[in-house]
Each structure stands twice: as structure tokens, then as C-alpha cells.
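Let me begin by presenting the structure, written as C-alpha cells, before commenting on it.
When reading the values below, keep in mind they use all heavy atoms of this one structure, side chains included, and skip hydrogens, waters and symmetry mates. Since the structure is predicted, the reported quantities are computational estimates derived from the model, not experimental observations. In the text below, chain A, chain B and the rest are named by the order of the sequence lines, each starting its count at 1.
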Protein chains: 4
Amino acid sequence: MPRPPGHGPGYEIKRQEIIDQAAALFAKHGYAATGIAELGQVAGLAKGALYYYIGSKENLLVEIQDRVLGPLLTAARQIAALDEDPVLRLRLLSETLLGNILARLDHIWVYEHDYRHLRGANRARLLRQRREFEKIVLDLLAEAMESGAFRRLDPRLAMLQFLNLHNHTYQWAHRDGQWDAEFLSREYCATLFSGFCNSGYDVAGLEKRLADYRDRSSA
Amino acid sequence: MPRPPGHGPGYEIKRQEIIDQAAALFAKHGYAATGIAELGQVAGLAKGALYYYIGSKENLLVEIQDRVLGPLLTAARQIAALDEDPVLRLRLLSETLLGNILARLDHIWVYEHDYRHLRGANRARLLRQRREFEKIVLDLLAEAMESGAFRRLDPRLAMLQFLNLHNHTYQWAHRDGQWDAEFLSREYCATLFSGFCNSGYDVAGLEKRLADYRDRSSA
Amino acid sequence: MPRPPGHGPGYEIKRQEIIDQAAALFAKHGYAATGIAELGQVAGLAKGALYYYIGSKENLLVEIQDRVLGPLLTAARQIAALDEDPVLRLRLLSETLLGNILARLDHIWVYEHDYRHLRGANRARLLRQRREFEKIVLDLLAEAMESGAFRRLDPRLAMLQFLNLHNHTYQWAHRDGQWDAEFLSREYCATLFSGFCNSGYDVAGLEKRLADYRDRSSA
Amino acid sequence: MPRPPGHGPGYEIKRQEIIDQAAALFAKHGYAATGIAELGQVAGLAKGALYYYIGSKENLLVEIQDRVLGPLLTAARQIAALDEDPVLRLRLLSETLLGNILARLDHIWVYEHDYRHLRGANRARLLRQRREFEKIVLDLLAEAMESGAFRRLDPRLAMLQFLNLHNHTYQWAHRDGQWDAEFLSREYCATLFSGFCNSGYDVAGLEKRLADYRDRSSA
DNA sequence: TATGAATGAGTCTTCATTCAT
DNA sequence: CATGAATGAAGACTCATTCAT
């Protein structure tokens, strides 16, 4: 969303760079404790020029949140709409979520810690998006219960367990960690689905069906 | 850590009150975004008197972290030392952890969000304590694997799953929520241990054994 | 209106001093062009301490406007309520107005030039007070017409002439000028009332009646 | 004062447009509180191009003052040089002055409020021109006294009354107001001259003589 | 002619902290 | 014990102005 009208071709590129740098700083020190001066130093820009790009500090926060929630929601909506077993879709969603987390660890730090510094409309929009994501997870879990794959659980508590397990990952994961999204997703889902599924359900077969799905969709 | 020597009898009481109020404020707005002035207003004290009690803003943070980790570590050490099945001990640890989280939600917010504002020795001490807690969980999980209850998993990943699931709870729990620590612990452990245990292990019997243990120890 | 609760005895005194100094600076350079730093230098206070007294820059403007309009409105209401010839009351009002202008030239500069920098409620309140003052003048002029002393004029235009003549005085008057409020009021009223009155009205006798009134009310 | 040599034909036209827009903005928010960026937006020009036309912000102020004082002084000089009764010339000057005020209300706002933001030579020149205008009024009043039309008044105080009454008009007049310059001039002069003239002088006949003069000079 | 990008001093305001009383 | 008063660095942000293109 390029703000003011009339900007040169390099504007948006530089702007995105600055948002990257801001995300790194916010992740490290927290949004409130990061000064605009510090960001200027990192960006190699005087304060005036900085504001030419960022508009305001809160605006940076908005952009960072959008970078997290935008792709995530898009992917989640697509996955939810697939004509596949709900458990498989949960597994896909899990991997997408973890992929997003691991790919942009600093963005996630900010996303998880500093959303409360958003005000007014920005905050409302964020919360709406968060709720939409949670709803997608909730609905998939409910579907999995209806399909007989999962036991009758409190769907909300199931969703919260799903999110707890995934979303807390940013706290200890680090760039170039030993585990990638695929591995973590397999492990997390193995744990969750063992707990959630009916005795009759073939948890072990899930990874096989995932591979099949991937063959099909890449074909 | 009562500061200088020579304090009246009410000193420590008032000091603890102020730390309570600080925790509430820090949880609400974040440590960095909370002003000492705000705290003074809530405490009904002018700045001078406030500093007489708190020493410094960072000191408040230290105290809050201690209130979380002190009791938690004490309890964790005791549980780890029990002469019981490691799985049962994990279940006990889980409930204790959740009990602490739910009992002091605002402290946990601060503990999770703002420990990075600690500097130097305070920070080092905190990290040491966190690692000790993680080590206790790790060792219990390893014991459970050795005992044959759990499959051979990467113990570190198992520990991280355990902590993810528990520690992220503060994000959505609220005072007087519908679920208490016992219930959540049962649910979380059911999920985790279903995923972790060997096919031969009697997960369902865990709660029974827990009840037995409680009968014994209260007797 | 001392703002925050709990201030020492010297607080209000110092606060009033600072407002004085602010009025002088605002009058000289204009509100918008005067920096808080400048005020701090004049007051001999660091910025922090300054804000301890002033609250905000706009608040200074509010106080200055109040110092002008408060006493003026009080006096105007009293004069309007007197049981005297409306022309005499206009003459009294004129002198009061000029007295206020000459006594606080710098406040008047700010009052006349910078009221538009007030926002929201502050601005609304100011405009209400200004209109009240204008209404008092208007009503007195209308009364004077009804009493037969003045010709049938457009009362609004008469009021505007009255205010033009008086209110523009701040532009050229200076402290210790050669003319005091009494003299200027006599001259201004002589001019205005010559133009306004009916041929039968005894303009020249007004000053005599004023002297009588003053004898009476001081007795 | 067109700046550097070598400008295209449209330069001066656009430049005048920009000064118009600047006057409107300055009148609305005050010179100090108006940003160059705001002006650029209104003018539809980026900052670079804007500066190509305006030279500097202070220069705009100079131009606006010149637009007020230039025509006013030219007209005042011509009127003063007429071979007519000084009272008639004062009446003509009054109408010219009011015409200028009503025709360019925003320029007058700036002229009255922001001349103090001029520095050095610009300020000196402005003050010189203001004094010249005042001198013209002063001399006409003195002439009217010498001619016996007016009483022996303090000529300076008479001039100040004349200017007060006229110059404060900008404060409440607005474009398309109910009163035009001719009407206001007639009313203002009726008031002033009633107060100033000797008992023998025929104030009421002034408008008649003005009409005669206009017949003559248009013929 | 006109632009977009950059500057850096300047804007108002808040901060955690200290200390004489 | 407690206060009110003071500090000065730092907070986010805007300013008029310049200049390579």
C-alpha cells in the first residue's frame, strides 16, 4: 500500500527494506522500546528521510502485521477450501503456519508481542483477521469431528491447543535451526492428532496421504 | 530482596502491593510503555515515595520475574524429586505450571513479554532459571522414554512441545475463565502423552494413578 | 484552575509567572512561532519542569485567553446590570474595555491574534464568551436606541463600530503611552456617540453624568 | 520582483497564482503555522517546483504585503493630491481603504497578523510604507482642521481613530458580506466626522458633494 | 521546468530518576 | 516516610530548504 501519490520507482523497494529493518529491531527490543532514531541509524537515513518512507511508527507496525496475516490468511483460505479430508487440510494448514513462522521469525515476534500497541481501526482490523484465522482452524477441527476422524472434543479447546503448539514456536526457533516447517508440522500433528482422533482413525497413514496429495497437485 | 536496612514494619507489605500493581500495568501496556507516573497514580503515591519502595523500574521487573520463577522452580524441583512414575510427575508438573499461569496471568504476561528488558546480571540469572526449569522437563521426558512409557523421541523437541502447549496459554486465558488448571492439565497431557507414549502404555489410566497419588499424599 | 492534585504553595505563583512570560513571548513572536524551548529559557526552567507547570502549550493559550475574557466579562455583566442610562453604561463599558486592553497589552495581542490556534472545546468556549461580550454591547446599543438617545441604526453595525474602534487600539498602544483608558474612552465615546445620537441628545453632558455616577457609587 | 533572469512566459502567471494560494492559506492558519508542503499540495506542485517559483517562504510574505500596500499607497497618494475639500478626500480615502480590505480579505489578514515575521530590510520597507499611509491620513485630518471643517483635535489621535475603525473591519467582514465598501465608508465617515467636525460644518452634505465629484470625474 | 529524495535542526512532549525539605 | 519540584535526555514527528536528475 504505497501511501502518498507521486513516488519514484525506487520508493517502494526502499520502503520495504526499511520495514524489514524495523521488524528486526522491533523483534529484538520490542516495539515500544525501539526508537525511530535507532531505525534511522540502521537504515542509514536521517529522521526526515525516514519519515518520508514510513509515515509513522505505528504504520510500520501495521505493515509488519499485514505481512504476517496477509499471506497467512490467503493460504489458510485456500487450504480450507480444498476438497480434501479435514485432517489432511489441518496438516497442510499446520505446515503453512509453521512455514510462515520460520520464514519471518522477527515479524512473528512483533506480531505476537506488539499488536496491542495498535490503536483504533488498525487494531480492530488486526483482531478481525486473527479471529478469521482462528475460525478456519476451528471449522476444520469441527469438520474432522463430524467426519468421525476426531473424537467429540470441545472444538474451541482443540483449536487453542493447535494454536498454542504452533504459535509458541517463535519463542525458541531461530533462523537456520535444525528443524524445518515440514518436520515440525509432522511432529506437531502427530502429537495433536494422536490425542484428538478416534481409536479407529489411521493417524500413521496421514503422511502417506499427504504425499499422495502433493503428487496429485504438482501433476 | 528488601533494599536498604532499617525499614519499618509496613515497608515490605506496601512494597509487595506496589509490585502487584506494577505487574497489572506492565501486563496491560507492556513494560516499556508503562510510565512510572502511571504506577504512582495507581499506587496513590508521589514519585519520591514510590522510588523509596521500588528502587528502580527495572527492579520491579526483576521482582515480577522472581515471583513467577521462584515458586515454579521450587515446586518443579519437589515434583521432580518425587518417587513416582515420570509420566505422573510430568502430569503433576503440568498442573503446577498451569496453576501458576492461571493464578497470576498478569505476572506471566510480563514474564513472557518483557524479560528482554532485563540487563546484565538480572538477565543472566533469569535465563539460568528458565534453563533449569526446561532441564527438569527434559529430564522427566527422558526418564519416561527410558522407562519405556514413551517412545524414543527427540527429547528436546518433546520438551518444546510440552512448553509450547502450556506456556502459550496465557495468551488467551483470562481470570475466571471456564477452565481451571486441573482440567487444562488433563486435556493437555492427554494430547501430549497420546502422541508420546508407546502403544503399550496405558494413557487412560494416568488420571486414575494421579488420584491414587493424591489420596496417598494427603493421607 | 490548578490542574493536578497535590501541589505545593509556590506552585500556583510560579505557574502564573510562567503564563505571564508566555504571554509576553506569544505577543512578540506569535503563538505558533514561539517555541517551548524559548519559554523555558525565559522562565529559567528545563523543559521537564516547564511542563510540570504548564501542561501543554495550548493550555497556556487557554489561560491567557481566560485572563482576558474572565475579568472583562465579569465587569461587562456588572455594568450591563446597572440601573443607569444605557449611554452611560456604554461609556463605562468602553472605559473598562480600554482599561483591560491597556493593562495587559501582551495578553490582548495574543487574544486578538492567536485564538484560532485553539482547538475543540477550548475554541468553542472562547467563541461563546466572545459572543456574550458582543451581545452585551449590542443590547446596550439597542437600549440606547429605544430610549431615544440614539438614532435608529443597524444595531449590529453600531456594535461593530464600537468594537473596531476599541479593539484595534492594542495595535499601536504601548505600555506607559501618553493616553490612559479614561482619556481614550472619553474621546472614543465622544466620536461614536456624536455619530449615533439623535440631535436632541446631550452628548456633551455625558461626562458630567459620569462624574455624578462615580460620586454616587463611591459614596 | 521576478527572481532569476531567463523565465518562460507562464512563469509570472503561475507565480501569482501561487501567491494567491499562499495568501489564502496564511490567512486561514497563520503564516507560521502554514507548511510549505500544504502550499505545494494546494498548488499541485512538488516542493522542488514550488521553490522554483517562490524563492522562499518569507518571500511569499513580502509579496503579499506588497500586494496590499502597493495599490493602497498608489491610490492614497492620488487621492491626497486631488484638488478637493480635505473632508471629501478623507471620505474617498476611506472608501478606497475599505475597498481594498473587502476585496482581498485574506491578504489583509496576513498583512495585519504576520508582518512581524518579516526580517531586516523587508520589515523596514514595510514599516516605512505603513508610516507613509498613516502620514497621508494624518495630513488630511490636519488640513481639515486648518480648513475649519474639523475641530482642533489631537491629529494623531484622530488618525488612530480613523485607522482603528477601518482596519479592524477585516476581523469580522467576510466575502459576500451584506455591506460593501461604499456603504461602510459612508457609515464610518458619518460617525467619525460627526465627532470631528465643528458645529458649523455640514456633515450631511458630504455625500451630496461626493456624488457631485463623481459626476465630474467620470465626465 | 519539475521531480522525488534527502537533510538536520526544530517541533511539542514524556521519560525515569533525584533530592532538598 | 513522603512530597513536590527539578532535570535533561529521549520520545515521535515536522520543518523549510536543497539538489541531482
Side-chain angles (χ1 to χ4, degrees), chain A residues 4-11 14-15 32-40 43-60, chain B residues 6-8 10-11 14 32-40 43-60, chain C residues 4-11 14-15 32-40 43-60, chain D residues 6-8 10-11 14 32-40 43-60:
Chain A
H7 278 304
Y11 178 84
K14 185 134 205 167
R15 189 161 162 276
T34 303
I36 286 291
E38 204 178 348
L39 177 55
L45 245 38
K47 266 182 270 191
L50 200 61
Y51 269 85
Y52 177 64
Y53 289 104
I54 67 173
S56 77
K57 194 185 174 187
E58 179 167 345
N59 195 45
L60 284 171
Chain B
H7 280 308
Y11 178 84
K14 184 125 205 168
T34 303
I36 287 290
E38 205 178 346
L39 177 55
L45 246 39
K47 298 225 193 103
L50 200 61
Y51 268 83
Y52 173 70
Y53 289 107
I54 67 173
S56 76
K57 193 184 174 187
E58 179 168 348
N59 195 46
L60 284 171
Chain C
H7 278 304
Y11 178 84
K14 185 134 203 167
R15 189 161 163 278
T34 303
I36 286 290
E38 204 178 348
L39 177 54
L45 245 38
K47 267 183 269 193
L50 200 61
Y51 269 84
Y52 177 65
Y53 289 104
I54 69 174
S56 76
K57 193 185 174 188
E58 179 166 345
N59 194 44
L60 284 172
Chain D
H7 280 309
Y11 179 83
K14 185 125 204 168
T34 303
I36 286 291
E38 205 179 346
L39 178 54
L45 247 40
K47 297 227 193 102
L50 200 63
Y51 268 82
Y52 174 70
Y53 288 108
I54 68 173
S56 77
K57 193 184 174 189
E58 179 167 345
N59 194 46
L60 284 170

What's the CG-P distance between L50(A) and dG8(E), to the nearest Å?
14 Å
Carefully, step by step, assess L45(D) and L50(D) under the rule side-chain contact (heavy atoms from CB on, under 4.5 Å).
CA-CA 6 Å; L45(D) 247 40; L50(D) 200 63; 4.3 Å; yes
In terms of relative ring orientation, are Y53(A) and Y11(A) parallel, tilted or perpendicular, with 30° and 60° separating the classes?
parallel
Sugar-phosphate means primed atoms, P, OP1 and OP2; the rest is base. With that split, encode nucleotides 11-21 of chain F 5' to 3' as B, S or - using protein heavy atoms under 4.0 Å.
-SBB-SBBB--
Euclidean distance, K47(C) NZ relative to I36(C) CD1, rounded to 0.5 Å:
9.0 Å
Separation between CG of L39(B) and NZ of K57(B), rounded to the nearest 0.5 Å:
9.5 Å
Below 4.0 Å: OP1/OP2 of dT1(E) and any side-chain N or O of H7(D):
no
Using atom CZ of R15(A) as one end and atom P of dA6(E) as the other, report the distance to the nearest whole Å.
14 Å
Kindly give the heavy-atom pair with the smallest separation between I54(D) and N59(D), and that separation in Å.
O-ND2, 3.0 Å
Strictly by Watson-Crick or wobble contacts shorter than 3.5 Å, is anything paired with dA20(F), and which nucleotide is it?
dT3(E)
Figure out the CG/C1' separation between L45(D) and dG4(E), and round it to whole Å.
13 Å
Assign each of G10(D) and G44(A) the nucleotide of DNA chain E bearing its closest heavy atom; nearer the 5' end lies the nucleotide of G10(D)
Partner of dC15(F) by Watson-Crick or G-U wobble geometry, both contacts under 3.5 Å, or none?
dG8(E)
Min side-chain heavy-atom separation K14(B)-Y52(B) under 4.5 Å
no
